[in-house]
Participant: 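Handing you this structure, nothing more for now.
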Amino acid sequence: MRKKNKFVRMLIAVLSAMIFSLMVLGGRLFTNIEEDTFVSEEEDRIVVGMSQLGSESGWRTANTESVQNVFTQQNGYFLIFHNARQRQENQIKAIRSFISQRVDYIVFAPVVETGWETVLQEAKEAGIPVILMDRNVDVKDKSLYVTRVGSNFVEEGERAGRWLEDYLSRHGKDDETVNIVVLKGTQGSSSQIGRTAGFSSVAALHGNWYIMEQEYADFTSAKGKEVMESFLRKYPDIDVVVSQNDDMTFGAIEAIRESGRTVGIGGDITIISFDAVHAALEMVAEGTINVDIECNPNQGEVLSRVIGMLEDGEEVEQQYYVEEDVFTIKNVTQEVLQKRNY
Ligand code: GZL
């Protein structure tokens, strides 16, 4: 046993000397611990430190894939990717690690909007540009990040409200009381804040819309089902469910069906969802989900274009929105389903 420990200690000493010598030679050594790969500065690649907030939903998986498919060696990048598993403290640690490795760019999807000033100030003082992906941060000093690539969440919420206006009008229900429950995403995330504000702003225009309760369900199927079950126990006459992402919608539909009620076109409860991932669009096509407000996770290409502009010394916008649509049974065709990569 002692012999083995001695060998391990010697191996660590040799490896440390190797890494130290690379650092001392002026070559920064970047390591992607999760993939156990590393590159020294001598290779002329753009080193990007990326903190993804987690892997809570089908949307998040597609968002991660869109980034990993673009920030590749053949595209001239070295990507150091970190999954924070929904914890802000993990993202702050990852960003500090990127700063200490002196990466060229930091890209991160902030799990919540607040609590970033200190670490973003550290990145700014280190001269490392920060780019926000997907969600937003709530900071007074807008110079703490270069730009954001993502969606307009308030607009998404408004689209849901405008669809419901049109739906109720087409079904002659403009004057009937409409009982609504809302499944909200991760508390304090910009997608939750924006969608809630957007939908509420339209609901406020309709005295006959009654939002019975809004509850956080963390963008996951399990929590979506749990919260929907509690709504169903409390409210026997729910007309509409507004679910702020498809994963919560899947859980909610399971709960509704287990309660003996039906969903979708011709059903007891109308389903309004967000994200428009492939599995949900199939449910739109079959009439189970009435409408799905798209949130486009394909942000890797735009992020790479922005970094290219920064590398060329070009000015960039404060915000880049990705293209998004609204899907109902009318426009979810087989061709649409076949073409989509998420
Ligand atoms: C939206 C994104 C949200 C998705 C959820 O841009 O932040 O987080 O709507 C995901 O599916 O969990």
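Ligands are counted one by one from 1 in listed order, and the atoms in each one are counted from 1 as well.
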Participant: Among protein heavy atoms, which lies nearest atom 6 (O) of ligand 1, and at what distance?
Facilitator: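 Ranking protein heavy atoms by distance from atom 6 (O) of ligand 1, first comes Asp134 OD1, 2.4 Å.
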Participant: Output the list of atoms in ligand 1 that are nearer than 4.0 Å to some heavy atom of Phe219, sorted by atom number.
Facilitator: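 That gives atoms 5 (C), 8 (O), 12 (O) of ligand 1.
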Participant: Can a donor-acceptor pair be found, under 3.5 Å and without considering hydrogens, that links the side chain of Ser243 to the backbone of Leu183?
Facilitator: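 It does not hold such a pair.
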Participant: Against heavy atoms of Cys295, which atoms of ligand 1 measure under 4.0 Å?
Facilitator: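 Per the distance check, 1 (C), 6 (O).
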Participant: Can you see whether Ser304 engages Tyr77 through a side-chain donor-acceptor pair at a distance of less than 3.5 angstrom?
Facilitator: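 Short answer, yes.
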Participant: When you measure from atom 8 (O) of ligand 1 to every protein heavy atom, which one gives the shortest distance, and what is it?
Facilitator: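 Result for atom 8 (O) of ligand 1: Arg135 NH2, 2.8 Å.
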Participant: Below 4.0 angstrom from a heavy atom of Asn245, which ligand 1 atoms are there? Numbered from 1 as shown, please.
Facilitator: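 Answer for ligand 1: 5 (C), 9 (O), 11 (O).
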Participant: Does Arg195 approach ligand 1 within less than 4.0 angstrom via side chain, backbone, both or neither, non-hydrogen atoms only?
Facilitator: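 Side chain only.
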Participant: Heavy-atom count check: over 12 atoms from other residues, nucleotides or ligands less than 6.0 Å from Glu282 CD?
Facilitator: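 Atom CD in Glu282 is crowded, with more than 12 foreign heavy atoms closer than 6.0 Å.
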Participant: At less than 4.0 angstrom from any non-hydrogen atom of Ser57, what atoms of ligand 1 do you find?
Facilitator: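 Near Ser57, the atoms of ligand 1 are 5 (C), 10 (C), 11 (O), 12 (O).
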Participant: Classify the angle between the aromatic ring planes of Trp209 and His206 as parallel (below 30°), tilted (30 to 60°) or perpendicular (above 60°).
Facilitator: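 Parallel, since the angle between the ring planes stays under 30°.
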Participant: Just wondering, are more than 12 heavy atoms of other shown residues or ligands nearer than 6.0 Å to NZ in Lys225?
Facilitator: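 For Lys225, atom NZ is crowded (more than 12 foreign heavy atoms under 6.0 Å).
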Participant: Stepwise, does the salt bridge (Lys or Arg N to Asp or Glu O under 4.0 Å) test hold for Asp166 with Arg162?
Facilitator: CA-CA 6 Å; Asp166 177 60; Arg162 289 198 294 269; over 6 Å; no
Participant: Around atom 11 (O) of ligand 1, find the nearest protein heavy atom and jot down its residue, atom name and distance.
Facilitator: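 Of every protein heavy atom, Asp275 OD2, 2.6 Å lies nearest to atom 11 (O) of ligand 1.
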Participant: In terms of heavy-atom contacts, does CD of Glu89 have more than 12 from other residues, nucleotides or ligands at under 6.0 Å?
Facilitator: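 Counting other residues, nucleotides and ligands, CD of Glu89 exceeds 12 neighbours.
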Participant: What atoms of ligand 1 come within less than 4.0 Å of a heavy atom belonging to Glu56?
Facilitator: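 In order of numbering, the contacting atoms are 8 (O), 10 (C), 12 (O).
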Participant: Tell me which part of Phe153 gets within contact of ligand 1: side chain, backbone, both or neither, using heavy atoms under 4.0 Å.
Facilitator: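 Answer for Phe153: side chain.
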